[in-house]
Every structure is written in C-alpha cells, then in structure tokens.
Amino acid sequence: MNYYNEILETKQVIDNSEYIVFFGGAGTSTESGISDFRGDRGLYQKTYKGYNPEEILSLKFVLKNPQIFYDFINEKLCCENAKPNAGHKYLVELENTGKLKAIITQNIDGLHQKAGSKNVIELHGNLREFYCMKCGREKDRFFDCECGGIVRPNIVLYGEPLDVDIVNRSISEVKKADCLIVSGTSLTVYPANSLLEYFDGKYFIIINTSPTQYDSMANIIIRKPFAETARLLTS
Ligand SMILES: [Zn+2]
C-alpha cells in the first residue's frame with residue numbers, strides 16, 4: 001500500500017490543527033542507525049557479553065558490573081555519530097510553523113535536539129548528562145570520578161521510576177493537544193499507554209510499521225516507518 005490518501009489526510013489534519021503533540025519511540029530513530037529494543041532485529045533479541053540487555057540496563061547490574069554497562073551504552077546506545085533523519089527534521093519544521101508544541105520521546109539518543117527541536121520531553125532521560133552516584137559530581141560525558149563512586153548516565157534504568165515532573169509535563173501537553181501523532185512505538189509500555197488516556201483532542205494519528213492496541217482509536221493509521229512517512233509529508 002502506498003498510503004497516498006492517508007498522507008493527504010494527514011497533511012490536511014496538520015493544516016487544521018493548532019496544538020500538535022508528537023509522541024515517539026525507538027522506531028523514530030531506526031533510520032539513524034540506533035537499535036530498536038523490541039523489534040525483530042532489536043537489541044533484546046541478542047545477548048551482550050552473555051547478558052541480556054534488559055538485565056544490563058538495571059541499577060542492580062550497574063552497581064555490580066559497571067564496565068559491561070558502560071561498554072554496552074557506548075557500543076549500542078551512544079549516539080555521538082548518529083545523525084537526525086528525515087523524521088527528526090520534519091518535526092523541526094513543524095515546530096517552526098508554531099503548530100507542533102511538544103515532542104514526547106521514549107528515546108535517550110538526543111536526536112530531536114540535535115536536529116534542532118526545542119520543546120522535547122525525554123521520558124527516559126538522556127545520554128548528555130552523567131553523574132557520580134556517590135558524590136553527585138556531573139559532567140556532559142562519562143568520566144571516572146575522583147571519589148571512586150560509580151558514574152551513571154541520566155537515564156531511567158529498568159526498575160527505576162520515571163521522573164514525576166517529566167510525566168506530569170507530558171500529561172499536560174497531551175491534554176492540551178488537538179492533534180496527537182504517535183510514531184515508532186508499539187504503545188505497550190508504561191507510560192506510553194496511559195498517556196493516551198489523557199488525550200481529548202480531535203485527531204489521533206498513528207504512524208507505525210506494526211499494529212498497536214490503540215489502532216481502533218486512531219483517525220489515521222500509516223503503516224510505514226516514520227522517516228519515510230516524513231519524507232512523503234514534506235514532499
Ligand atoms: Zn564521585
């Protein structure tokens with residue numbers, strides 16, 4: 001399917017909307033070469049140095065095997081060389097028109113900011129801030145702390161709660177939206193699924209390669225990767 005009609009409809013919806021909120025997951029960064037976690041070729045399909053990635057990304061593991069955690073972060077999740085794709089760039093343009101008010105992302109790669117987006121809410125933290133868990137020293141990259149404490153990135157690890165302020169900011173944006181675009185996420189994980197309950201706007205658009213449990217709520221569904229869809233929306 002080429003989704004020609006859906007693309008046209010989406011363009012019209014965007015023209016008619018005044019408060020667009022974008023909610024994105026790993027799928028928005030796949031074209032930038034960042035591994036998806038749960039996809040068919042995602043990170044979770046393989047073990048790393050004998051451990052499964054979900055285990056590595058837990059506080060318990062960081063405390064026990066910091067070196068393997070760092071190596072994993074550096075090799076698999078760090079994004080210094082990753083470049084924003086057509087999807088990220090499209091959202092920058094949309095923000096510049098004044099229609100897109102917020103991007104809520106589950107990604108920690110910082111690619112929206114790298115592309116130039118301003119109002120980005122990072123549900124799971126980021127890899128721009130690192131701090132020592134013992135003395136609290138902070139840097140914009142990984143470092144060995146003089147105090148000998150364990151240094152970790154400012155990301156939400158498995159088993160850790162999300163930042164309440166960040167969740168509340170996300171809820172408030174979703175509540176205000178007249179158009180919500182969700183992309184690159186299967187919407188199965190908290191808080192993605194619960195955020196949708198706050199949406200009370202007119203248009204709900206899903207751009208995702210696989211079905212989600214919220215498809216029946218959507219006004220428009222486009223089964224394509226986000227970057228590819230973005231190129232069609234810009235052309
Ligand atoms: Zn320290």
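In each ligand, atom 1 is the first atom listed, and ligand 1 is the first ligand listed.
- Side-chain contact, E122 with Q106: no donor N or O sits under 3.5 Å from an acceptor N or O.
- Cation-pi contact between K64 and F61: absent, since separation from the ring centre below 6.0 Å together with deviation from the ring axis within 45° is not met.
- Under 2.8 Å from the Zn ion (ligand 1), one finds the following protein N/O/S atoms: C132 SG, C135 SG, C145 SG, C147 SG.
- The aromatic rings of F22 and H112 stand perpendicular to each other, their planes meeting at an angle above 60°, with 30° marking the opposite boundary.
- Considering N81, N107, N85 in turn, N85 is the only one that fulfils the side-chain hydrogen bond (donor to acceptor under 3.5 Å, both in side chains) rule with S32.
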Quick one, Y70 with F142, criterion ring pair (Phe, Tyr, Trp, His ring centres under 6.0 Å). Give me CA distance, side-chain angles, the key distance, then yes/no. CA-CA 9 Å; Y70 300 143; F142 176 69; 4.0 Å; yes
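- For the side chain to side chain contact (heavy atoms under 4.5 Å, CB included) test, residues two or more places apart in sequence or in another chain that qualify with L8 are Y4.
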